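The structure appears below as C-alpha cells.
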Amino acid sequence: MLARKGLLPDGFLLTRLAEDSAQPSRFRSKAQRARFITKGGSCNVAHKNIREQGRFLQDVFTTMVDLKWQHSLLIFTSAFLCSWMLFAMAWWLLAFAHGDLEHRGPGEGPIPCVTAIHSFTSAFLFSIEVQVTIGFGGRMVTEECPLAIMVLIVQNILGLIINAVMLGCVFMKTAQANRRAETLIFSRNAVIASRNGRPTFMFRVGDLRKSMIISATVQLQEGEVIPVCQLDIQVENPLRSNGIFLVSPLIISHTIERGSPLYDLSAQSLASRDLEIIVILEGVVETTGITMQARTSYTPDEIQWGRRFVSVMAEEDGCYTVDYSKFGNTVPVRMSSLSAKELDQTRGGQQEAAPEGVLQGWGLVRAGRGGHRRGGRTCDTNTSQPWYAHTEGGEELEEGKMEKGKKKTVKLEEIGREGEEQRLAEAWD
C-alpha cells in the first residue's frame, strides 16, 4: 500500500521479499498460531454474543466514527432524505389545511401560508430550499400562519444539527490517529543478538514523514495465548524511560536478563514457545496535535536468533540519508544458542571455579571504574580501585620519569589472556 502511494520505492518490497526467502528461520514452529495483533496493527479479536447492544447507541458519535465509510455515507444520505421528506409532508399538510392547494387566480382568496405550493412535489422542493438555505425566491413563508413560522424554525435547527454531526464525523474519520500510523513502519522480523555481552531482543522502527512524532514512547508486551497473560517488557534507555527521538530509523532493544519474560528463551525453545511480543508506539502528531498509536507484533516465526540489523544511514553532501531498501535486512553474527539464564549459570560456575585474582569474562578494563567488565556488567570488588591498580599476576612497569624528585612506579593489569578467551569460547559454544 505504501508503494502504491509513492511513499516507499518499489525496490523496498522486492528487497523485503528477497529477504524473507533468503533468510528462512532456523527454527520453525510446527503449527501456525493465531495472533492478537496483526502486522498491520489491527486487533485480531472478534466479539460475539454481545447482548447489550443498546450501549452502542448511548455513544452515537463514536459509533458513527467507527463505522466504515460506505455505512457512514449511507446514514448521512438517509438522514437528509428523511428530514426533507418529513418536513415536506408538514408543509403539504399546512398548505392543505389552509386551503392553499386550491387553484386560484392572482389576488383571489386569502394569503397562503407558503406561496407557490400546489402539490407535494412543490412542498418537497420548498423543504430542500429551507434546510440547505438555497432560497430561489419563488416560494416563501408569509406572516399569515404562525404555525408555518414555527415549522420553519424547527427545520432550520434540525438541519444545522445534521450538518454539524456530519461534518464532525467526516473530520474525525479523516483525522483519525491510525491514518498517521500508516507512515510508521516496523521491521518485519525481530532479532536476538549479543549486545554488551548480553542477549538482546531488537527490532527497527522508522517514520517516513518529515513531520515528527512528539513525545514518542515505545512499549513492549509479551503475551501467552493459553492462559491469556500479558507482561510489560522494559525497553533499554539510558534515561530510564521509554521515550524515543524518532527523527531517523531506530533500533529498539530490550536486554534479556533476570526479570525479563525472555530470560529462559533459547534458540531451541524459541520455535515451540507460545508467545507474542506486542509493540506499541504512542506519540503526538506534530502538525495536528492528535495522539496517535501504531502497533505490531512478533511471533516466534518472526524472531531471528543470532542476527543483527544492517546500517541504513549514510552521510552524503553534508546531510544524512536513509536507505529504506535495507530497512529490514539482517546479517548473521556469532551468538550462543543458550538462553540468558543458562549463560548466567555457566558464567557463575566458572566464576566459582576460578582461582582468586584470575580475570573472568571478557577481560576488559575501563578507566575510572572499580572492578572489571564481565559479561557486559561491572563486577565491583570490595574496594573500588582505578584501572591501573595492582592485581595478582600483573606486570610492573617502572617509569624513569621523575616528578618532584620522586620516582613513580605504575603497575598495569594484564588483560586479554588466552586461557580466559578459550574458556569464554567454550561457554558460548
Side-chain angles (χ1 to χ4, degrees), residues 42-43 45-179 288-290:
S42 60
C43 299
V45 179
H47 301 277
K48 296 182 178 180
N49 300 326
I50 300 178
R51 299 180 179 179
E52 300 180 1
Q53 298 287 346
R55 291 181 176 269
F56 295 98
L57 298 179
Q58 297 178 3
D59 188 7
V60 179
F61 185 78
T62 305
T63 303
M64 295 181 64
V65 172
D66 292 338
L67 292 176
K68 296 181 179 180
W69 274 106
Q70 54 267 29
H71 297 161
S72 299
L73 294 177
L74 178 61
I75 292 176
F76 294 151
T77 304
S78 302
F80 279 115
L81 290 176
C82 290
S83 63
W84 294 339
M85 293 293 294
L86 176 64
F87 284 98
M89 181 63 67
W91 293 120
W92 184 83
L93 291 176
L94 281 174
F96 178 79
H98 196 259
D100 299 337
L101 300 179
E102 299 177 0
H103 295 282
R104 300 181 183 141
E108 298 180 358
I111 300 175
C113 295
V114 181
T115 61
I117 289 185
H118 308 291
S119 62
F120 182 80
T121 304
S122 58
F124 181 76
L125 292 175
F126 179 72
S127 176
I128 296 176
E129 294 177 15
V130 171
Q131 188 161 333
V132 299
T133 64
I134 296 177
F136 292 114
R139 302 177 182 88
M140 63 179 181
V141 178
T142 64
E143 57 185 13
E144 183 69 20
C145 301
L147 183 59
I149 299 175
M150 296 298 298
V151 174
L152 177 66
I153 295 174
V154 173
Q155 185 174 5
N156 280 320
I157 295 175
L158 182 61
L160 291 176
I161 293 176
I162 295 176
N163 290 334
V165 173
M166 181 194 69
L167 293 176
C169 290
V170 171
F171 174 77
M172 292 301 298
K173 290 179 72 66
T174 55
Q176 278 184 327
N178 56 2
R179 307 302 178 189
T288 61
I290 300 177

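Count residues from 1 along the sequence. Please read all numbers here as calculations on a predicted model, not as lab measurements.
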Exercise for the section: Could you tell me which non-hydrogen atom of Val65 sits nearest to which non-hydrogen atom of Lys173, and how far apart they are? Expected result: O-NZ, 3.1 Å

Handout entry: CD1-SG distance between Ile162 and Cys82, expressed to the nearest 0.5 angstrom
Key = 9.0 Å

Practice task
Find out whether Leu158 and Phe87 are in side-chain contact, i.e. whether some heavy atom of one side chain is under 4.5 Å from a heavy atom of the other.
Solution key: yes

Handout entry: Contact check, side chains of Val141 and Trp91, non-hydrogen atoms, under 4.5 Å
Key = yes

Problem - Leu93: side-chain contact (heavy atoms from CB on, under 4.5 Å) partners, not counting sequence neighbours - result: Met89

Which donor-acceptor pairs under 3.5 Å do the side chains of residues 66-77 make with protein atoms, sequence neighbours left out?
| unit_1 | atom_1 | unit_2 | atom_2 | d |
| --- | --- | --- | --- | --- |
| Ser72 | OG | Met64 | O | 3.4 |
| Ser72 | OG | Lys68 | O | 3.1 |
| Thr77 | OG1 | Leu73 | O | 2.9 |

Problem - Reported CD-to-OG1 distance for the pair Gln58 and Thr63, which is rounded to 0.5 angstrom - result: 10.0 Å

Problem - Ring center gap for Trp92 and Phe96 short of 6.0 angstrom - result: yes

Cut-off 3.5 Å, no hydrogens considered: what does the side-chain donor-acceptor table look like for residues 110-130, sequence neighbours left out?
| unit_1 | atom_1 | unit_2 | atom_2 | d |
| --- | --- | --- | --- | --- |
| Thr115 | OG1 | Met140 | N | 3.2 |
| Ser122 | OG | His118 | N | 3.0 |
| Ser122 | OG | Ser119 | N | 3.0 |
| Ser122 | OG | Ser119 | O | 2.7 |
| Ser127 | OG | Trp84 | O | 3.0 |
| Ser127 | OG | Gln155 | NE2 | 2.9 |
| Glu129 | OE2 | Arg139 | NH1 | 3.4 |

Exercise for the section: Look up atom CG in Asn163 and atom CD in Gln131, then write down how far apart they are to the nearest 0.5 Å. Expected result: 7.0 Å

